[in-house]
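Below: one structure, written as C-alpha cells.
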Amino acid sequence: MTKELVASADMIFAMETHHRERIRKKFKQRPPDNRIVTLHIPDEYERGDPALVALLKDKVGTRLSALTGTRL
C-alpha cells in the first residue's frame, strides 16, 4: 500500500483486525474508520490460492452489493 492509494480509496478491505489497525495508525489520509472493513479471513493463505480468492469474492462481494446493489 502506498499513501497515495490509501488517500484516494473510498473503502479499504483488510483480512484481519491487526491489518486494519496498522492501516489506521500508519496512514493519516485514509477513508473514515467505518470504510476500513475487516473481512476476518486468517492471513494463512498463499497469494492466488483458489480458496482465498473464493473467500475474498464472497466477503467483498457481499459488502459491495450492500453498497451498490451489484455483486462481483
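Only a predicted model underlies this, so the values are computations on that prediction, with no experimental measurement involved. Only this structure's heavy atoms are used, side chains among them; waters, hydrogens and symmetry mates stay out.
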How far apart are the closest heavy atoms of N34 and V37, and which atoms are they? O-CG2, 4.4 Å
Please indicate whether Q29 has more than 12 foreign heavy atoms, meaning atoms of other residues, nucleotides or ligands, lying under 6.0 Å from its CD. no
Over all atoms of both residues, closest heavy-atom pair of A9 and P31: O-CG, 3.4 Å
Rounded distance [0.5 Å steps], CZ in F13 versus CD1 in I41: 10.5 Å
Just by distance, do the side chain of R30 and the backbone of V6 share a donor-acceptor pair under 3.5 Å? no
Treating R24 as the side-chain partner and D33 as the backbone partner, does any N or O pair qualify as donor plus acceptor under 3.5 Å? no
Give the cluster check for L39 versus I12: same hydrophobic cluster or not, with ILVMFWY residues linked at side-chain heavy-atom distances below 4.5 Å. no
Roughly how far apart are R35 CZ and R63 CZ, rounded to 0.5 Å? 10.5 Å
Nearest atoms (heavy-atom pairs only) where H40 meets K59: O-NZ, 3.9 Å
Heavy-atom check, side chain of L5 versus side chain of F27, under 4.5 Å: no
What is the distance from atom CD1 of I36 to atom CD1 of I23, rounded to the nearest 0.5 Å? 6.0 Å
From T38 atom OG1 to M15 atom CE, the distance as rounded to the nearest 0.5 Å: 11.5 Å
Verify the cluster assignment for L55 and M11: are they in a single hydrophobic cluster under the rule of side-chain heavy atoms below 4.5 Å apart? yes
What distance separates E44 CD from E16 CD, expressed to the nearest 0.5 Å? 8.0 Å
